[in-house]
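Positions are given from 1 along the sequence.
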Amino acid sequence: MNMLKKINCLTIDDNGCSYNSHEIIKEYPVSVYINGRYATSAMITPDMLDSFAIGHLFTEKIIGNYEEIQSIRVYENEINIHTKNPYPILFSGKTITSGCGGVSTFLDTKKLPQIESNLILKPEEIINGLNTVLDSELYQKTRGNHTVGMFSKDENLCISEDIGRHNALDKIIGYGLKKEIDFSSTFVVSSGRISSEMVYKCAVSGVPVVVSKGATTDTAKNIAQSCKMTLIGRVRGKKMNIYTGKKRINVI
């Protein structure tokens, strides 16, 4: 599905005013149904919709793994999922917007999963991952999307783009579940800041290292520390801030 739309606009610059057209990113409404019942809606960039739904159900703990999904069908602006077991609908029915989440603010940090991973990264591997994420043709055209990437030490596993950081993260987690990727050997890189919701999604998935070009929040840092995750922010050039889990970064 095409993620771009061309629109007309009046441009003002040093040369005066002129009428132009340029491409903007689409914001697409999608409704999710589980076992025939409405679960939630999302405002989303229209690609990797099946991966988004799988990742969102997993990080919301509606499903425990990809094998629990019997079928998934995407048709226009509906995603229909059937599971092998008749799970209760735990969603509130609210729309997932392109902005931030926030439910993880009220999490009991004592009940968070504990991440187990032997992953050790060099600073240059983190920088290379961020450079890959930022080298987005869609972003260069629109300046209107976030990009999230999942990497192993040796491979770019998946890159996803969306108007919302959380949506993009759900997409790569869903992709990883479909491809049976071992999340404990991966690290996630985001073009946008790291919120508590994003750290929580990675914690549920068992991702040991989360990296951002931008800043983090105090709650995100507290969650990362509680679940033994490595959290890195403000990666600029060769500089980065390691907030938690410094043992996974080889600085020698």
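Across P113 and A203, no two heavy atoms sit closer than the pair CG-O, 3.4 Å. Contact record, I34 with T83: CG2-CG2, 4.4 Å, taken as the closest heavy-atom pair. In terms of heavy-atom proximity, V148 sits nearest to R165 at CG2-O, 4.1 Å. Heavy atoms only, all atoms of each residue included: S196 and T219 are closest at CB-CG2, 3.7 Å. Between R248 and K228, the closest heavy-atom pair is NH1-O, 2.9 Å. Here the closest heavy-atom approach between residue S31 and residue S41 is recorded as OG-OG, 3.3 Å.
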Name the atoms and distances for all side-chain donor-acceptor pairs under 3.5 Å in residues 172-181, with sequence neighbours left out.
residue : atom : partner : partner atom : Å
K178    : NZ   : D50     : OD2          : 3.0
K178    : NZ   : S51     : OG           : 3.0

Name every donor-acceptor pair, under 3.5 Å, that has one atom in a side chain of residues 11-19 and the other anywhere in the protein, sequence neighbours excluded.
residue : atom : partner : partner atom : Å
T11     : OG1  : N20     : ND2          : 3.1
D13     : OD1  : N15     : N            : 2.9
D13     : OD1  : G16     : N            : 3.4
S18     : OG   : N20     : ND2          : 3.0

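You'll find the side chain of N80 stays beyond 4.5 Å of the side chain of Y75, heavy atoms only. Contact annotation: the side chain of K171 approaches that of T45 to within less than 4.5 Å [non-hydrogen atoms, C-beta and beyond]. For the pair I232/F187, no side-chain contact is recorded, criterion being any heavy-atom separation below 4.5 Å from C-beta on. Within the 4.5 Å cutoff, the side chain of F151 has heavy atoms near those of the I159 side chain. Within the 4.5 Å cutoff, the side chain of S191 has no heavy atoms near those of the E161 side chain. Contact of the S152 side chain with the L157 side chain is registered, since non-hydrogen atoms from C-beta on lie closer than 4.5 Å.
One distance of note links CG of L169 with NE2 of H146; it measures 12.0 Å at 0.5 Å rounding. Atom-to-atom distance recorded for L121:CG and N128:CG is 11.0 Å, nearest 0.5 angstrom. Atoms CE and CG, on M150 and N156 in that order, are 11.0 Å from each other to the nearest 0.5 Å. Here the CD1-CE distance, from I223 to M198, works out to 12.5 Å after rounding to the nearest 0.5 Å. Between T216 atom OG1 and R234 atom CZ the span is 11.5 Å, to the nearest 0.5 Å. Rounding to the nearest 0.5 Å places CD1 of I79 at 6.5 Å from CD1 of I44.
The closest donor-acceptor contact from the side chain of S212 to the backbone of G214 lies under 3.5 Å. Remark: side-chain polar atoms of T230 are not paired, donor with acceptor, to backbone N or O of V209 under 3.5 angstrom. Distance alone, capped at 3.5 Å, places no donor-acceptor pair between the Q225 side chain and the G245 backbone.
Residues passing the side-chain hydrogen bond (donor to acceptor under 3.5 Å, both in side chains) test with S190: none are found, sequence neighbours excluded. For T59, the side-chain hydrogen bond (donor to acceptor under 3.5 Å, both in side chains) partners two or more places apart in sequence, or in a different chain, are D170, K201. Applying the side chain to side chain contact (heavy atoms under 4.5 Å, CB included) criterion to R236, with sequence neighbours excluded, gives K213. With sequence neighbours excluded, the residues forming a side-chain hydrogen bond (donor to acceptor under 3.5 Å, both in side chains) with S184 are D182, listed by chain and number. Annotation: ring-ring contact (aromatic ring centres under 6.0 Å, His included) contacts of Y33 (sequence neighbours excluded): Y38. Taking the side-chain hydrogen bond (donor to acceptor under 3.5 Å, both in side chains) definition, one finds that K5 meets it with nothing, sequence neighbours left out. Applying the side chain to side chain contact (heavy atoms under 4.5 Å, CB included) test to A224 and every residue at least two apart in sequence or in another chain returns V199, M229, L231, T244. Residues meeting the ring-ring contact (aromatic ring centres under 6.0 Å, His included) test with F58, sequence neighbours left out: none.
Each of V235, V211, L130 was compared with M240 under the side chain to side chain contact (heavy atoms under 4.5 Å, CB included) criterion, and only V235 meets it.
In this structure, N65 places its CG atom where more than 12 heavy-atom neighbours from other residues, nucleotides or ligands lie under 6.0 Å away.
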Discussion item. One pair to check against side chain to side chain contact (heavy atoms under 4.5 Å, CB included): Q70 and K84. What are the steps and the verdict?
Written reply: CA-CA 5 Å; Q70 190 171 40; K84 294 180 179 178; 4.2 Å; yes

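Residue pairs meeting the salt bridge (charged side-chain N to carboxylate O under 4.0 Å, His left out) criterion with at least one member in residues 112-139, sequence neighbours excluded, are E125-K153, E137-K141.
Grouping Ile, Leu, Val, Met, Phe, Trp and Tyr by side-chain contacts under 4.5 Å, direct or through others, puts I7 with I24.
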